[in-house]
Amino acid sequence: MIKITMFGAAKEIGRSAILVEDKDTKILLDCGLKIRPKKPTEKPEGLDKYAKELQGVVISHAHFDHSGYIPGIVRAGYEGSIHMTQPTRDICEILFRDHLKIEGARFWNEEDMYNSLYQVANHYYEETFQLADGVSATFYDAGHILGSASVLLDWKGQLIFYTGDINTFETPYHDTNKYPTLEDISILISEATNGLRDLPDREVPNQALVRAIYATHKREGVTIIPTFALGRGQEIEAILAQEFINKPFNIYVDGMILKMNNVYRRYFHEYWVSKKILEWCREHRLEVPFDIPNFIPVNRNLADDLDSFRKMIVSEKKLTVVLSTSGMLEGGPIHSYLHYAAENPNYLIAISGYQVEGTVGREILDGSREITLFSWGNKKGIKIRINAEVRQFSFSGHAQRNELIKMIKAINSEKIVFVHGVEESAHHLKEDLANGAEIFIPDIRKPLVFPD
Ligand SMILES: [Zn+2]
Ligand SMILES: [Zn+2]
């Protein structure tokens, strides 16, 4: 008998934490927090009491909804290994430090963070490692962000495959996700992020973004791209590098994305990124795509007063693109750029990803043209007017619906559990999969029991 309990990411996205157990063994897959705009962060409630009984913790990738509670489970008493790829470990360290700075020690403190990093065990893709008596795991490249993995568990002879977050698109740094083509996977735990929508082929948003930048430039405008620091940020950097190399555009890169670039640089070899991007760099005699000469990292080497410098950047008007965090416009240097540039109707704000309800990004997309930014320690906020063009480009880091269904059919397991998606999304996928498999859309903390 195997029991699987979700402590988060059940009919929601956020705080992924999946307990897999039988009478002798308990393994945790992912250990995340749920960050919510303008509301308190949520942890995987009820998980702590298992901390001392766990024989292994396996982390699919570094995104905070999969990793943010790792120091928390250590604080609760988990002393064993925390298994992940090496890039995941390095990215986690940056995210943990950043979280402490922003949210303080609400769920865990600095000491818990160091202890948890000390417990990390690194593994490569397709290398099998032992978790407990009769239980082993193997990572598969998930194509989602640097170091991201899906997890195959061999549970005393029974195979369980957990997708984590997967990308079925080829993106500049990563090939499409990989999965085992074994006959006898009995339980598939799959993400269901995009169950409700099909996305256009990746070339479509890539080209649309490039065209929009040229069009904005033609009317003497600056393109401002709010972006996520990790994954999407580097992807857009690569698109811009490939288009604008040897062209007189200045591309300013600002915020947390620069820290993540360092990790991408560290792991920029065949094992972690696609051959295609390596070849492109070799051809252009670059170490990484974001080394092209017209990329300008905005940091204190350029100016002491960064705010004034940012103002200057967006008043240059010609041949300027700004790529800055945060991706949902909730904070970070993007606020400076909006403050100084959003009023100009010739400018473009190019939204590069999904915007969660309640974020500034969502507000703007939904048509608000008077927004209040809470930055610079200003509690009342600063009101700004948006006259710039606002456009969304349909990048997604997740499996698109058709491809996800194709993968699920290829894996052909008898039991499918949908996580990491809203309820309608999972139901929608369920309808498309009426092929005899038993499908589960679990509730939080309600165990699924699979008899032998
Ligand atoms: Zn993710
Ligand atoms: Zn996720």
Side-chain angles (χ1 to χ4, degrees), residues 6-18 28-37 41-44 57-70 84-85 87-92 94-96 98-99 139-151 162-169 171 173-174 176-179 189-197 199 227-236 256-257 260 263-264 272 325-328 352-357 359 395-401 403-404 417-423 425-426 429 442 444:
M6 318 294 154
F7 288 87
K11 300 180 180 172
E12 65 172 350
I13 295 174
R15 54 173 173 173
S16 288
I18 304 170
L28 183 67
L29 300 174
D30 281 343
C31 193
L33 284 174
K34 184 173 184 177
I35 307 267
R36 303 179 304 163
T41 297
E42 287 181 321
K43 70 173 205 173
V57 173
V58 184
I59 303 298
S60 65
H61 67 293
H63 273 149
F64 217 60
D65 58 321
H66 300 257
S67 71
Y69 197 61
I70 293 172
M84 61 182 79
T85 66
T88 298
R89 187 225 164 269
D90 290 7
I91 298 165
C92 278
I94 297 173
L95 294 179
F96 290 169
D98 190 59
H99 178 77
F139 284 142
Y140 286 81
D141 187 349
H144 173 64
I145 57 167
L146 186 70
S148 63
S150 300
V151 185
Y162 169 48
T163 61
D165 290 359
I166 47 173
N167 199 341
T168 52
F169 285 113
T171 54
Y173 287 89
H174 305 290
T176 57
N177 72 304
K178 301 211 171 47
Y179 51 87
I189 306 170
S190 174
E191 68 135 302
T193 318
N194 284 332
L196 287 176
R197 55 182 192 153
L199 293 157
T227 187
F228 302 97
L230 174 59
R232 185 69 38 78
Q234 287 72 27
E235 184 178 344
I236 290 176
M256 177 92 149
I257 184 175
M260 292 304 175
V263 186
Y264 271 75
W272 301 107
T325 49
S326 70
M328 299 198 197
S352 66
Y354 178 73
Q355 304 293 307
V356 170
E357 199 76 51
T359 59
F395 294 96
S396 172
H398 294 273
Q400 68 151 329
R401 201 168 127 260
E403 293 298 321
L404 186 63
V417 182
F418 282 121
V419 295
H420 200 285
V422 294
E423 191 173 355
S425 178
L429 287 167
I444 194 163

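Remember, it's 1-based here, ligands and their atoms both numbered in the order they're listed.
Under 3.5 Å, the side chains of D141 and H174 contain no donor-acceptor pair of N or O atoms.
The aromatic rings of H144 and H61 sit perpendicular, their planes meeting at an angle over 60°, well past the 30° parallel limit.
The Zn ion (ligand 1) has H144 among its coordinating residues (N/O/S atom, backbone or side chain, under 2.8 Å).
With hydrogens and angles disregarded, a donor-acceptor distance shorter than 3.5 Å links the side chain of S150 to the backbone of T163. In this structure a side-chain-to-backbone donor-acceptor pair under 3.5 Å is present from S67 to A62.
For the pair V151 and D30, the minimum side-chain heavy-atom distance is 4.5 Å or more.
For the Zn ion (ligand 2), the nearby protein N/O/S atoms, meaning those under 2.8 Å, are D65 OD2, H66 NE2, D165 OD2, H420 NE2.
For I94, the side-chain contact (heavy atoms from CB on, under 4.5 Å) partners two or more places apart in sequence, or in a different chain, are M256, K259, M260, V263.
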